[in-house]
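Just so we're clear, the structure is a prediction, and the values are computed from it rather than from any experiment. First the proteins, then the strands, lettered A, B, ... as listed; each starts at 1.
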Amino acid sequence: MNAWDDDQGAGVAAVPLSQRAMMAARPAPYLDDLNPAQRAAVEALDGPVLMLAGAGTGKTKALTARIVHLLRMSKARPNEVLAVTFTNKAAREMKLRVGRMLGEVAEGMPWMGTFHSLSVKILRRHAELVGLKSNFTILDTDDQVRLLKQLIVAANIDEKRWPARMLAGMIDGWKNRALVPERVPSSEAGGYANRGTELYAQYQERLRTLNACDFGDLLLHCVTIFQSHPDVLAQYQRWFRYILVDEYQDTNVCQYLWLRLLAQAHRNICCVGDDDQSIYGWRGAEVGNILRFEKDFPGAHVVRLEQNYRSTPHILAAASGVIAGNAGRLGKTLWTEVQEGHKVRLIGHWDGEDEARWIGEEIEALQRGTRGMDPVGLDGQAILVRASHQMRAFEDRFLTIGLPYRVIGGPRFYERQEIRDAMAYFRLAVSPEDDLAFERVVNVPKRGLGDKAQADIQRAARMAGVSLHEGARELVASGGIGGKGAGQLRAFVEGIDRWHALTLDAVRVAGDDDVLEPIGAVAPAMDHVRLAEMILEESGYTEMWQNDKTPEAPGRLENLKELVKALEQFDNLQGFLEHVALIMDNETEEAGEKVSIMTLHAAKGLEFPVVFLPGWEDGLFPSQRSMDESGLKGLEEERRLAYVGITRAEELCTISFASNRRVYGQWQSQMPSRFIDELPPAHVEVLTPPGLYGGGFGAAAPVAVSAMEERVSKADVYNSPGWRRMQDRAQTRGMAQPREARGMVIDATALSSHSEGDRVFHRKFGYGIVIGIEGDKLEIDFSKAGIKKVVAGFVVDADDADEVPF
DNA sequence: TGTGCGCCCGTTTTT
DNA sequence: CGGGCGCACA
């Protein structure tokens with residue numbers, strides 16, 4: 001059967017178009033709750049449409065309604081609509097909402113997904129056109145760098161002066177711009193020791209031998225195929241009657257070509273985006289794509305969504321005021337029907353710790369329901385920072401006061417060392433010839449196979465022209481490896497054989513037609529979940545972490561358990577590996593009310609009743625580096641970041657800055673961010689920090705400086721009475737006084753199950769000894785983290801390290 | 001082959 | 001200041 005003739009992977013097209021037309025005659029409730037602009041965007045089905053959707057204007061609603069409308073009007077079958085997003089989360093969300101609007105037929109849109117997942121789907125069908133087999137593997141950044149490192153060493157380049165990461169970045173950059181090695185402009189060839197292009201070409205060659213792709217290749221190979229095989233392109237052009245693109249402002253050149261090639265035949269393309277929220281320029285995104293849309297698609301219908309359903313007018317006005325500083329915008333004016341609301345609050349602090357302390361207290365106050373607002377739960381509050389290192393001050397503080405928080409977008413589950421190691425074992429079991437996986441774990445846990453042994457294996461494999469696994473086998477057989485490593489290597493090689501055999505039993509793979517689809521009818525000889533556990537046991541990997549006494553070890557074992565558990569949702573190991581390569585998100589939301597801490601980038605698309613924006617200081621935000629490297633363009637992107645930050649807030653937005661901050665261990669005095677000057681004063685309430693009017697710490701509600709209202713010019717904030725007093729206070733506080741009262745020892749045993757001298761474990765700080773008790777707080781000398789005060793509930797006896805809460 | 005010292009450098013990161 | 005990495009040593 002021709003792969004093209006099937007139903008594109010979905011069992012949906014069952015309802016004939018004629019019958020669908022009848023459905024279209026029924027009233028369309030999904031249109032009724034759209035505002036005029038949204039409705040216009042939904043009803044303009046044919047031809048190019050650009051939907052400029054400001055923050056909080058119901059973009060996803062319009063987008064999903066449009067898809068539903070397309071289907072209801074029988075313009076296309078569900079499998080003929082190409083709907084592209086950037087993240088899996090967005091794709092999932094859209095599927096969910098379309099399904100809900102449509103009623104039932106949710107799974108019927110096989111071509112709704114991310115650029116990457118859709119590209120994989122296309123590329124698997126035509127892999128041979130770019131010299132790959134259809135079962136190619138997908139390398140992540142880590143694999144990519146390791147591979148490049150090998151090439152760099154082989155090329156005799158000083159890896160110190162020319163780090164592999166740098167080359168990886170350049171290659172990514174070229175791929176983002178759809179440049180294959182031959183097309184890299186000679187002006188850029190000098191960048192990497194004069195040999196960037198050469199290494200790029202070698203890297204591509206190496207990937208081909210490994211039958212592998214990196215993320216950039218997924219898209220670039222598709223574009224290459226479309227460009228050089230018009231027949232293939234034509235098929236897809238015919239198939240995708242309608243194309244929808246979310247977050248269009250974030251597309252790079254390669255994605256742009258990908259879309260344009262697919263859309264140029266029928267031109268039924270609808271791009272949704274907001275040039276003011278383009279914050280991924282440093283990653284190759286081209287705001288130009290959205291600015292140019294009308295030129296690319298003449299006669300495009302442009303619709304602006306400007307009615308905001310999220311934020312109060314003060315918040316919108318503040319955001320608009322800031323973004324107005326950018327030139328070359330398409331221009332939108334957000335408005336809302338809401339009349340009331342709090343002004344954006346602005347507050348300065350002495351240093352970063354004060355800032356964290358104050359925010360912590362504010363969060364608790366808002367939670368209790370003061371500040372003239374109804375109580376706001378912790379889930380409704382977020383702290384958005386420019387750079388992830390800023391999170392630390394908040395984590396430290398919240399840990400100390402026992403305020404539950406969650407960090408969004410930290411090291412992601414599938415990027416953690418233990419997960420990647422385990423995955424490498426699974427990869428080896430599925431395909432023993434996976435050399436990158438072999439290299440990764442051949443000496444993890446330690447098997448006495450160091451650089452020398454590994455070099456021997458490499459040589460043996462290369463000479464015989466086989467995989468490392470086979471090379472190792474021959475090396476063992478020929479006695480080419482000595483010492484204790486020999487026995488261990490033999491065991492490793494045989495282990496892989498055994499696991500591989502079990503994998504084959506566990507999954508029967510269909511014939512040549514479709515190597516990806518397992519046939520469910522054959523009863524597996526061994527449950528793949530059990531197999532995975534067995535692999536981790538037999539390889540000694542689990543044991544390695546059990547014997548590890550570092551504070552992270554229990555967490556890692558926990559993650560491994562979680563990984564194995566995740567396997568249950570798949571039919572076999574292959575399916576799982578396939579999934580993980582692209583779905584790198586970490587959706588293990590632990591329950592419980594928690595404040596969210598995340599970067600501004602991670603916050604795009606989210607909203608919270610209460611938002612804190614700390615660290616608004618020149619150099620930090622806007623980031624010095626952005627400005628140095630990208631000049632005005634960089635500054636404008638930072639400004640968009642500010643805009644994104646402010647517009648995340650529904651009810652209350654608080655911006656803050658500190659006059660002193662530790663930067664790389666050095667104390668530095670900071671200037672308030674220039675973006676603060678750009679806030680329209682009429683919509684800002686300047687707070688004075690607590691402690692200025694005789695109240696102690698966290699005393700009364702912050703007091704507005706009355707004279708600051710309305711007429712005070714923005715820059716004057718720093719000449720304001722409050723600001724000057726704060727400066728004065730800064731002087732007197734220069735000599736660090738103890739921040740917390742000492743010596744108030746209450747009956748410790750009544751409040752805590754720990755006593756002095758106990759050995760305890762803390763999820764973040766690791767092991768330590770209790771050296772003091774104050775109320776419900778323990779003073780602990782952590783072996784790694786030093787002396788800290790921590791709420792007793794967050795530690796357990798060192799022996800029960802498995803049961804750490806939090 | 002494993003450990004430890006010292007040096008360097010330090011944003012954002014949808015896949 | 002502190003984490004990561006490479007190199008020198010045991």
Side-chain angles (χ1 to χ4, degrees), chain A residues 84-92 113-120 138-141 144 149 153 158-161 163-165 168-169 172 175-176 213-219 246-247 249-252 254-255 277-285 384-392 408-412 414-415 417 443 446-454 482-485 488 579-586 598-606 615 619-630 634 637-638 640-641 644-645 661-668 784-786:
Chain A
V84 198
T85 63
F86 275 84
T87 66
N88 292 299
K89 198 173 152 201
R92 222 168 3 205
T114 63
F115 275 105
H116 295 268
S117 67
L118 295 169
S119 293
V120 170
I138 301 163
L139 303 191
D140 61 28
T141 324
Q144 190 189 4
K149 215 171 248 177
V153 171
D158 179 9
E159 213 233 305
K160 227 166 185 168
R161 266 194 71 195
R165 294 219 156 269
D172 279 347
K175 289 183 178 176
N176 285 159
C213 274
D214 63 22
F215 287 130
D217 283 336
L218 297 176
L219 286 135
D246 195 14
E247 306 280 16
Q249 77 282 352
D250 289 337
T251 51
N252 60 37
C254 189
Q255 289 156 341
Q277 292 188 67
S278 161
I279 55 174
Y280 284 103
W282 51 277
R283 246 175 147 250
L384 313 182
V385 298
R386 174 62 181 87
S388 49
H389 63 77
Q390 290 172 261
M391 294 179 182
R392 193 173 167 165
I408 301 204
R412 281 175 303 164
Y414 289 109
E415 282 168 5
Q417 185 193 344
N443 202 29
K446 297 266 182 292
R447 296 193 174 87
L449 300 164
D451 289 347
K452 171 138 184 334
Q454 290 189 45
K484 56 179 183 213
Q488 297 247 45
H579 171 84
V580 167
L582 285 175
I583 316 288
M584 301 286 278
D585 55 3
N586 190 4
M598 70 190 92
T599 62
L600 288 162
H601 284 91
K604 195 169 79 157
L606 305 180
L620 184 58
F621 187 45
S623 133
Q624 192 57 50
R625 199 154 149 181
S626 279
M627 295 186 292
D628 290 348
E629 282 175 11
S630 314
E637 183 153 313
E638 297 285 308
R640 292 193 289 267
L641 220 32
V644 167
R661 200 175 282 278
R662 260 158 101 126
V663 182
Y664 303 141
Q666 301 283 81
W667 279 102
Q668 255 185 16
K784 299 254 164 174

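- Comparing A/Thr114 and A/Ala387 against DNA chain B, the residue whose closest nucleotide sits nearer the 5' end is A/Ala387.
- Bounding nucleotides for the chain A contact on DNA chain C, 5' to 3', at a heavy-atom distance below 4.0 Å, are C/dC1 to C/dG6.
- Listed nucleotides: B/dT12, B/dT15, B/dT1. Nearest to the side chain of A/Ala453: B/dT1.
- Looking at the side chain of A/His116, the nearest of the listed nucleotides B/dT1, B/dT15, B/dT12 is B/dT15.
- Between the C1' atom of B/dG10 and the CZ atom of A/Arg662 lies a distance of 16 Å, rounded to the nearest Å.
- Positionally, the nearest nucleotide of DNA chain B for A/Asn443 lies more toward the 5' end than for the other of A/Asn443 and A/Glu247.
- Closest to the A/Arg283 side chain, of the nucleotides B/dT12, B/dT1, B/dT14, is B/dT14.
- No engagement by A/Lys604 is indicated, since no non-hydrogen atom pair under 4.0 Å with the nucleic acid exists.
- Across the protein-nucleic acid pair, A/Lys89 atom NZ and B/dT14 atom P stand 11 Å apart, rounded to whole Å.
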- Query: Given A/Asp217 and A/Lys175, is the side-chain contact (heavy atoms from CB on, under 4.5 Å) satisfied, shown in steps?
  - Reply: CA-CA 7 Å; A/Asp217 283 336; A/Lys175 289 183 178 176; 2.8 Å; yes
- Test side-chain contact (heavy atoms from CB on, under 4.5 Å) applied to A/Thr251 and A/Phe115, step by step: CA-CA 10 Å; A/Thr251 51; A/Phe115 275 105; 3.8 Å; yes
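- At least one side-chain heavy atom of A/Lys604 sits under 4.5 Å from a side-chain heavy atom of A/Asp250.
- B/dG2 atom P lies 12 Å from atom CZ of A/Arg447, rounded to whole Å.
- Rounded to an integer number of Å, the gap from CZ of A/Arg625 to C1' of B/dT13 is 13 Å.
- You'll find the side chain of A/Gln255 stays beyond 4.5 Å of the side chain of A/Val84, heavy atoms only.
- Taking every side-chain heavy atom of A/Tyr664 into account, B/dG10 is the closest of B/dT14, B/dT12, B/dG10.
- OP1 or OP2 of B/dT15 lies within a sub-4.0 Å distance of a side-chain N or O belonging to A/Asn88.
- Per the stacking criterion (ring centres < 5.5 Å, plane angle < 30°), A/Phe115 does not stack onto the base of B/dT15.
- Nucleotide B/dT13 holds its P atom 16 Å from the CG atom of A/Asp172, rounded to whole Å.
- When the P atom is compared between B/dT12 and C/dG3, the two are found 16 Å apart, to the nearest whole Å.
- In this structure, A/Glu629 places its CD atom 15 Å from C1' of B/dT13, rounding to the nearest Å.
- Annotation: side chain of A/Glu629 is not in contact with side chain of A/Gln624 (no heavy-atom distance under 4.5 Å).
- A/Ser117 comes within contact range of no nucleotide atom at all, as no heavy-atom separation falls under 4.0 Å.
- Using a 4.0 Å heavy-atom criterion, one finds that A/Gln144 contacts no nucleic acid atom at all.
- Counting any heavy atom pair closer than 4.0 Å across all strands shown, A/Thr599 reaches sugar-phosphate atoms only and no base atom.
- Between A/Trp282 and A/His601, the ring-plane angle classifies as perpendicular under the 30° and 60° cut-offs.
- With rounding to whole Å, A/Tyr280 atom OH is found 6 Å from B/dT13 atom P.
- OP1 or OP2 of B/dT12 lies within a sub-4.0 Å distance of a side-chain N or O belonging to A/Ser388.
- Rounded to an integer number of Å, the gap from CZ of A/Arg165 to P of B/dG10 is 13 Å.
- Listed by chain and residue number, A/Glu355, A/Glu617 satisfy the salt bridge (charged side-chain N to carboxylate O under 4.0 Å, His left out) test with A/Arg661 (two or more places apart in sequence, or in another chain).
- Looking only at distances, a side-chain donor or acceptor of A/Asn443 sits under 3.5 Å from a matching main-chain atom of A/Leu449.
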